[in-house]
Amino acid sequence: GAGVSQTPSNKVTEKGKYVELRCDPISGHTALYWYRQSLGQGPEFLIYFQGTGAADDSGLPNDRFFAVRPEGSVSTLKIQRTERGDSAVYLCASSLTGNGNTIYFGEGSWLTVV
Amino acid sequence: GNSVTQMEGPVTLSEEAFLTINCTYTATGYPSLFWYVQYPGEGLQLLLKATKADDKGSNKGFEATYRKETTSFHLEKGSVQVSDSAVYFCALIEGAQKLVFGQGTRLTINP
């Protein structure tokens, strides 16, 4: 498709397990973002990639969270030793160059930690 | 830090009613302001934006004016439709790329 694609759309995992969430941005978009949206709240910024490098990771809550974008396209958000408080919708977004262009969001990955 | 505060929801209106969803912000300088919308089962979509004071963003009959005097960016529509039912998020951009969102306002339009 032409939009931002995220997989899985839903993930249920046990506390303490490791989780990977994948994002496929719009083709040609160099800027990629991860946000987290808890129930009843607005999205909160996690990390921003420009190409392969993380230009701003100030929103990652702690060192259990890590994200990569090795080839400057697909990105993976990795969460180690998941906790119940990690349950949220994880949103990926992309924009053409990351310089004031419109930011397009995917539908999100719902993560539930039980 | 920068923040956005939105009118609490949920908001329920009848079709053809006038809509206002209030949004105020706290920011250093004059960031660009946005309204995003999330329809049921879909991702966040940009509805409209304004990049400087007194700018008016508009799209699909919705409007919002960037008011630096009152640090506000209220969303309005003159006549809502059932298809406008969604969650609406006000946001500002911090630095070059970081969106800061309000908590969202759920809007339901009854026929």
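Keep in mind the model is a prediction, meaning the values are calculated, not measured. In what follows, chains carry the letters A, B, and so on, assigned in the order in which the sequence lines appear, proteins first and then strands, with residues in each chain numbered from 1.
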When you look at CD of Glu16(B), are more than 12 heavy atoms from neighbouring residues, nucleotides or ligands closer to it than 6.0 Å? no
Taking a hydrophobic cluster as the set of Ile, Leu, Val, Met, Phe, Trp and Tyr residues connected by side-chain heavy atoms closer than 4.5 Å, whether directly or through intermediates, do Ile47(A) and Phe65(A) fall within one such cluster? yes
Is it the case that one hydrophobic cluster holds both Tyr90(A) and Val19(A), taking links as side-chain heavy atoms less than 4.5 Å apart, direct or via other members? yes
Starting at CG of Leu32(A), measure out to CD of Gln97(B) and round the result to the nearest 0.5 Å. 11.5 Å
Relative to chain B, which segment of Gln50(A) carries a heavy atom at a distance below 4.5 Å: side chain, backbone, both, or neither? neither
Considering only heavy atoms and a distance below 4.5 Å, find which of Gln103(B), Gln45(B), Lys49(B), Arg106(B) pairs most often with chain A. Gln103(B)
A side-chain contact here means heavy atoms from C-beta on lying under 4.5 Å apart; do Lys98(B) and Asp56(A) qualify? yes
Hydrophobic cluster identity match, Val113(A) and Leu60(A), side-chain contacts under 4.5 Å: yes
Sort Gln38(B) into side chain, backbone, both or neither according to what part of it lies under 4.5 angstrom from a heavy atom of chain A. side chain
Closest non-hydrogen contact found for Gln37(A) with Phe89(B) is NE2-CZ, 3.2 Å
Going by heavy atoms in the side chains, are Pro43(A) and Tyr36(B) under 4.5 Å from each other? no
Using non-hydrogen atoms only, which part of Leu91(A) is less than 4.5 Å away from chain B: side chain, backbone, both, or neither? side chain
With hydrophobic residues grouped by side-chain heavy-atom distances under 4.5 Å, do Ile93(B) and Tyr88(B) end up in a single group? no
In this structure, are over 12 heavy atoms from other groups packed under 6.0 Å from Tyr39(B) atom OH? yes
Residue pair Leu44(B) / Tyr35(A), side-chain heavy-atom distance below 4.5 Å: no
Look at the side-chain heavy atoms of Ile, Leu, Val, Met, Phe, Trp and Tyr, link any pair under 4.5 Å apart, and say whether Val100(B) and Leu47(B) land in one connected group. yes
So does Glu8(B) have more than 12 non-hydrogen atoms from other groups sitting under 6.0 Å from CD? no
Can you tell which part of Tyr104(A) gets under 4.5 Å to a heavy atom of chain B, answering side chain, backbone, both or neither? neither
Check whether Ser58(A) gets within reach of chain B through its side chain, its backbone, both or neither, counting any heavy atom under 4.5 Å. side chain
